[in-house]
Number of protein chains: 2
Amino acid sequence: MVEARDRFRSHLARRGLRYTAQRRLVTDATLRREGHYDADDLYEGLRAAGSEVSRATVYRTLGLLRDSGLIKEVLQCRGRASYEAVYGLEHHDHMLCVECGKVIEFRDDRIEELQRRICRRHGFRALEHRMGIRGICKQCAAAQKESGD
Amino acid sequence: MVEARDRFRSHLARRGLRYTAQRRLVTDATLRREGHYDADDLYEGLRAAGSEVSRATVYRTLGLLRDSGLIKEVLQCRGRASYEAVYGLEHHDHMLCVECGKVIEFRDDRIEELQRRICRRHGFRALEHRMGIRGICKQCAAAQKESGD
DNA sequence: CTTGCATTTGAGAATGAGTTTCAATAGCAA
DNA sequence: TTGCTATTGAAACTCATTCTCAAATGCAAG
């Protein structure tokens with residue numbers, strides 16, 4: 001966590017930006033989170049904890065955190081961008097059940113490797129990649145079958 | 001094209017919905033398009049061609065077309081949903097250059113196969129999947145190197 | 001062809017995530 | 001301190017998308 005924080009600080013420093021109290025609050029909040037969250041989750045969480053940060057600052061800081069590679073944007077679900085930690089974690093992808101909204105994470109090294117190979121072939125420098133499979137999860141499929149669809 | 005149209009008609013019929021003049025206009029417009037387009041592209045195109053369709057109907061019909069599997073939503077770029085044809089085309093994925101906005105399409109059967117296998121393993125019935133790689137394209141990377149980044 | 005009922009449509013209002021504005025504030029270097 | 005730049009918050013704004021609702025239309029059964 002301290003390491004991640006330092007990484008963000010130097011990202012900011014490198015472009016003449018400041019590591020302010022508000023940015024620290026937002027950063028720490030993202031580092032504490034597990035799984036997915038969106039800007040509003042963070043804002044409400046910070047508010048509830050008595051931290052004074054504006055919505056605008058949360059949005060602005062999330063952008064900076066994304067640029068720094070500490071977090072990344074995942075599934076664009078119901079019009080909201082949601083984020084998750086990147087730093088120090090293995091990459092994984094997502095399956096999203098369109099019925100119940102459940103997110104299943106998975107990881108496949110062979111897919112990762114194939115992606116790298118494709119980028120190399122096109123001279124493309126990947127910053128981030130995401131794979132999302134939208135569909136119906138096991139449980140919802142079973143429920144549908146029962147009610148005769 | 002006629003085949004695709006029929007597919008959509010029966011999708012509608014199956015759920016007691018009507019294949020109206022407006023829905024036909026929007027459907028044909030999407031079938032004529034190549035590559036990516038968004039709701040507004042279609043609306044403006046239809047308007048320019050003298051067709052009387054409202055924005056609301058374009059949005060509504062795009063949703064139906066997506067549900068029917070004729071088109072699918074791709075890259076969520078700059079807050080706009082964009083679409084492309086699915087029916088009768090091979091699946092492919094996208095690389096998006098965050099500098100110039102260029103979209104590079106690619107296709108890899110091994111990735112497709114791995115995706116299918118993962119879904120099977122999780123009992124997940126995939127409706128659609130998309131893989132997007134965000135990064136810097138060859139040309140933009142070269143341009144950056146020159147200007148000393 | 002008429003009647004009845006459900007679906008669809010368009011115009012404009014509403015929604016809501018995200019961004020911008022701008023004046024006040026804070027960080028930092030000299 | 002001084003001066004400059006970056007940052008902040010509140011509120012206004014943007015803009016894609018969705019919703020509302022009254023009018024119009026499609027279709028099935030008489």
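Chain letters run A, B, ... following the sequence lines, proteins first, then strands; residues in each count from 1.
Regarding L62(B), its CG atom lies at a distance of 12 Å from the P atom of dT9(C), rounded to whole Å. Going from atom CD of E52(B) over to atom P of dG10(C) covers 8 Å, rounded to whole Å. Between the CG atom of D38(B) and the P atom of dC15(D) there is a distance of 14 Å, given to the nearest Å. What separates OH of Y43(A) from C1' of dT8(D) is a distance of 13 Å, to the nearest Å. When the P atom of dT18(D) is taken as reference, atom CG of D40(B) falls 13 Å away, rounded to whole Å.
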Polar-atom pairs under 3.5 Å, protein N or O versus N or O of nucleotides 27-30 of chain C: list them with distances, or write none.
unit_1: dG27(C); atom_1: N2; unit_2: R18(A); atom_2: NH2; d: 3.4

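Here R32(A) pairs with nothing under the salt bridge (charged side-chain N to carboxylate O under 4.0 Å, His left out) rule; sequence neighbours left out. Checked against side-chain contact (heavy atoms from CB on, under 4.5 Å), R116(B) has the following partners two or more places apart in sequence or in another chain: E112(B), E113(B), R120(B). Under the rule for a salt bridge (charged side-chain N to carboxylate O under 4.0 Å, His left out), the partners of R66(B) that lie at least two apart in sequence or sit in another chain are E73(B). Residues forming a side-chain contact (heavy atoms from CB on, under 4.5 Å) with R33(B) (at least two apart in sequence, or on another chain): Y37(B), D41(B), L42(B). Taking the side-chain contact (heavy atoms from CB on, under 4.5 Å) definition, one finds that Q22(A) meets it with T20(A), V53(A), T57(A), sequence neighbours left out. Under the rule for a salt bridge (charged side-chain N to carboxylate O under 4.0 Å, His left out), D6(A) has no partner lying at least two apart in sequence or in another chain. A search for ring pair (Phe, Tyr, Trp, His ring centres under 6.0 Å) contacts involving H11(A) returns nothing, not counting sequence neighbours. Listed by chain and number, the residues in a side-chain contact (heavy atoms from CB on, under 4.5 Å) with E52(A) amount to none (sequence neighbours excluded). Considering only residues two or more places apart in sequence or on other chains, R5(A) meets the salt bridge (charged side-chain N to carboxylate O under 4.0 Å, His left out) condition with D28(A).
Using a 4.0 Å cutoff on non-hydrogen atoms, the parts of residues 53-61 of chain B near DNA chain D are A56(B), Y59(B), R60(B), ordered by number.
Considering only side-chain N and O atoms, Q22(A) lies nowhere under 4.0 angstrom from the phosphate OP1 or OP2 of dA26(C).
Under a hydrophobic-cluster definition in which Ile, Leu, Val, Met, Phe, Trp and Tyr are linked whenever side-chain heavy atoms come within less than 4.5 Å, directly or via other members, I71(B) and L25(B) are assigned to the same cluster.
Using a 4.5 Å heavy-atom threshold, the side chains of R18(A) and L12(A) count as separate.
Direction of the helix axis in the helix from dC1(C)-dG30(D) to dA30(C)-dT1(D) shifts by 30° between the two five-pair termini, rounded to 10°.
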